[in-house]
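I have placed the structure first, in the form of structure tokens, so that the comments after it can refer back to it.
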Amino acid sequence: MSEKSSSSGSDEDVDPESGQPVELGGVLSKWTNYIHGWQDRWVVLKNNTLSYYKSEDEREYGCRGSLCLSKAVITPHEFDECRFDISVNDSVWYLRAEDPEHRLQWIESIELHKAESGYGSETSLRRHGSMLSLTSAASALSATSTSSFKKGHRLCEKLAEMETFRDILCRQVDTLQKYFDSCADAVSKDEFHRDRVEEDEDDFPTTTRTDGEYNHNNNGSKEKLFPPASPKGINGIDFKGEAITFKATTAGILSTLSHCIELMVKREDSWQKRIDKELEKRRRVEDAYKSAMNELKKKSHYGGPDYEEGPNSLINEDEFFDAVEAALDRQDKIEEQCQSEKVRIPRLTPVPPGDAYSTIGTHRFATKPNSHSSSLSSVELVSASDDIHRFSAQVEEMVQNHMTYSLQDMGGDANWQLVIEEGEMKVYRREVEENGIVLDPLKATHAVKGVTGHEVCHYFWDTAVRLDWETTIENFNVVETLSDNAVIVYQTHKRVWPASQRDVLYLSAIRKILATNENDPDTWLVCNFSVDHDNALPTNRCVRAKINVAMICQTLVSPPEGDKEISRDNILCKITYVANVNPGGWAPASVLRAVAKREYPKFLKRFTSYVQEKTSGKPILF
């Protein structure tokens, strides 16, 4: 990843003049959609904004998208060490760096730009020179509602009474406090005078005191000339009256409090019911809000990389099944529209001169497969010895295995389950799993009138007409032509989201099976099995599937009446189709089995209908 500047979150990442983080630019992989996947984009981080361009050279044409980072949430991926996600509300960018170090560098730079934006940063405080008002925040807390007391008039009145009693009580407490302070001062002064008198008696025992002091009588007693000042005389406080008033006030408060408690207890049940009702309403609103937000997030992120097939996919099995089912339904509708358009506008293509069928003996193609001609010639295929190439031994082994096991009757094998029966067509399945991957062998039998085994195998093998009947293929090409009757084909299948796209590399060979006795039916076979080739190596874009498929076709002829020639009404093709497929990947077993059960019968009916249409009105090829 090329970059204009490095970003590690240090002081060097900040421009000393402006105080702002420096610009960062480089190449990151961005998730576009489930069709195109990850694409390299030129990403620029500047002024608290993340923008991306198709390439660095196209910056002058403007960015293709941007995100403001003020409220962005940066999430490093849990499993992918190179990936990080940036979300702002419902908008999410999925990005991948070149390696974990570059990912950390980008995250730190983005966090630095984010920290230096808005009112929360030091630089923004210097720029704006203001802070939030504490009084405005406090005023928001002071807006306490008193609507709960609007109906409680008696309770409000009692509370007002308590306010009045409180004021009276406070004044009485102040008055009593003054009285107690005066009493304390008087006692202090009295003790002080007493101490003075005792000291004077010790010094002058016969001296007569003045008013307010002690006087010694002849009988040896002494009396105070001036009695101590009373609190009432000092402050003029009626202590007894104040005490009675204080007692009455406190009694009134206690009575009022008792009445308030009684009222509140009576209304507690109704208040509790109202509170419970409001809490229930709030809970329902919160649940509805969370559900709506989850659905919104799921819809907005449903095409993201976390929701496609994979070991850490966030989509559950039921959602996976529903999504695949919906995608297949859409493909069926598109196919129906295409077929209806073909019916309305038939293609008037002339038949090539070489596309004539012969009715003598067995045949093979005169035109080599690399010319992709669908015409048949009259070159006889007598044995497999003419079909020599480096995979000849594997082809011969596959042919022998299929002829030995694929044609066996399944009536005595309890492992085979009949899953579909539609007229002459029956589809069987044997459930097999290996390391959690579904490897169910499938076997279908069908009988088609008016066509021969040679014709069916020809159209199944010939790549020139493959796209005319096969609707699941996105593209294919012949990687290598091994012989006139064997080719290596690479093909990619249309993606059914959220499943990953599959590709397959296989050898396809067509073979005439020589009869061992004169009563054996005329038999043709096409076998397709996976191989490896240097020109078609596996890629990260697709999951490489492994296949071992065979179509065995036997021609049954009923003798015509009298001297009539054999027509298509007298022939019947018995088809046996077997498929062993390892899909790879992480698709749920229930989804794979449901798709196989749905698609295989449709494929077989679509293909046989195509063969009947192509051979109708043409000479018979045995």
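This is a predicted model, so every value here is computed, not measured.
- Within a 6.0 Å radius of CD in E470, more than 12 heavy atoms belonging to other residues, nucleotides or ligands are found.
- The closest side-chain heavy-atom distance from V496 to K494 is not below 4.5 Å.
- Considering only heavy atoms from C-beta on, T539 stays 4.5 Å or farther from T492 through its side chain.
- Put simply, the side chain of E431 does not reach to within 4.5 Å of the side chain of E433, judged on heavy atoms.
- Here the straight-line distance linking atom CG of L592 with atom CD1 of I437 works out to 9.5 Å at 0.5 Å rounding.
- Inter-residue side-chain proximity for N582 and E434 is flagged as unmet; no heavy-atom pair is nearer than 4.5 Å.
- For the atom pair E474 CD and H493 NE2, the distance stands at 10.5 Å (nearest 0.5 Å).
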For this session: Kindly determine whether I110 and L112 satisfy side chain to side chain contact (heavy atoms under 4.5 Å, CB included), including the steps that lead there.
Result: CA-CA 5 Å; I110 293 172; L112 181 61; over 6 Å; no

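- Note on E325 versus R598: salt bridge recorded, some NZ/NE/NH1/NH2 to OD/OE distance being below 4.0 Å.
- Looking at W469, Y577, Y459, W461 one by one, the single match for ring-ring contact (aromatic ring centres under 6.0 Å, His included) with F607 turns out to be W469.
- A salt bridge links D287 to R283: one of the charged nitrogens lies within less than 4.0 Å of a carboxylate oxygen.
- Atoms CZ and CD1, on F84 and I74 in that order, are 9.0 Å from each other to the nearest 0.5 Å.
- Partner of Y506 under the side chain to side chain donor-acceptor pair (under 3.5 Å) criterion, out of Q491, K546, H533: Q491 alone.
- Two residues are said to be in side-chain contact when any heavy atoms from C-beta on lie closer than 4.5 Å; P441 and V432 meet this criterion.
- In plain terms, the two heavy atoms of K597 and V419 that are nearest each other are CE-O, 3.7 Å.
- Panel note: side chain K54, backbone R64; no donor-acceptor pair is recorded below 3.5 Å.
- Judged purely by atom type and a 3.5 angstrom limit, S87 has no side-chain atom pairing as donor or acceptor with the backbone of V92.
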Problem set entry | From CA spacing to verdict: side chain to side chain contact (heavy atoms under 4.5 Å, CB included), W42, V27 | CA-CA 5 Å; W42 180 261; V27 176; 3.7 Å; yes

For this session: Could you please spell out the steps behind the side chain to side chain contact (heavy atoms under 4.5 Å, CB included) verdict for C68 and N48?
Result: CA-CA 6 Å; C68 179; N48 190 37; 3.9 Å; yes

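- Atom CG of D80 and atom CZ of R103 lie 7.5 Å apart (nearest 0.5 Å).
- Using a 4.0 Å cut-off between charged nitrogen and carboxylate oxygen, K602 and E599 count as a salt-bridge pair.
- Within the 4.5 Å cutoff, the side chain of H77 has no heavy atoms near those of the R96 side chain.
- Classification of E280 and R284 as a salt-bridged pair holds, one side-chain N sitting under 4.0 Å from a carboxylate O.
- A pairwise comparison of heavy atoms in P583 and V543 identifies O-CG1, 3.6 Å as the closest pair.
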Exercise. Does the pair R541 and D503 meet the rule for a side chain to side chain contact (heavy atoms under 4.5 Å, CB included), with working shown?
Worked result: CA-CA 9 Å; R541 182 173 177 267; D503 64 357; over 6 Å; no

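- V504 and R544 make their closest contact through CA-CD, 4.1 Å (heavy atoms, listed as atom of the first residue, atom of the second, distance).
- Counting heavy atoms from C-beta on, the side chains of T472 and R502 never come closer than 4.5 Å.
- Taking CG from L28 and SG from C82, the interatomic distance works out to 11.0 Å, rounded to the nearest 0.5 Å.
- A 4.5 Å side-chain heavy-atom check between W31 and D85 finds every atom pair outside the cut-off.
- Considering only residues two or more places apart in sequence or on other chains, E317 meets the salt bridge (Lys or Arg N to Asp or Glu O under 4.0 Å) condition with none of them.
- Across all their heavy atoms, W416 and R430 have their closest contact at CZ2-NH1, 3.1 Å.
- More than 12 heavy atoms of other residues, nucleotides or ligands shown are found within 6.0 angstrom of CG on D276.
- E23 CD to K46 NZ: the interatomic distance, rounded to the nearest 0.5 Å, is 5.0 Å.
- Note on ring orientation: taking the six-membered ring where Trp is involved, the planes of F603 and Y600 are perpendicular (angle over 60°, cut-offs 30° and 60°).
- Across every non-hydrogen atom of I420 and L418, the tightest pair is O-CD1, 3.4 Å.
- Annotation: cation-pi pair K30/Y52 present, NZ/CZ under 6.0 Å from the ring centroid and within 45° of its normal.
- Between R282 and E286 there is a salt bridge, with a side-chain nitrogen of the basic residue lying less than 4.0 Å from a carboxylate oxygen of the acidic one.
- Shown here is D329, whose CG atom has more than 12 heavy atoms of other residues, nucleotides or ligands within 6.0 Å.
- Between the side chain of N47 and the backbone N or O of T49 there is no donor-acceptor pair closer than 3.5 Å.
- T463 approaches V478 most closely through the heavy-atom pair OG1-CG2, 4.0 Å.
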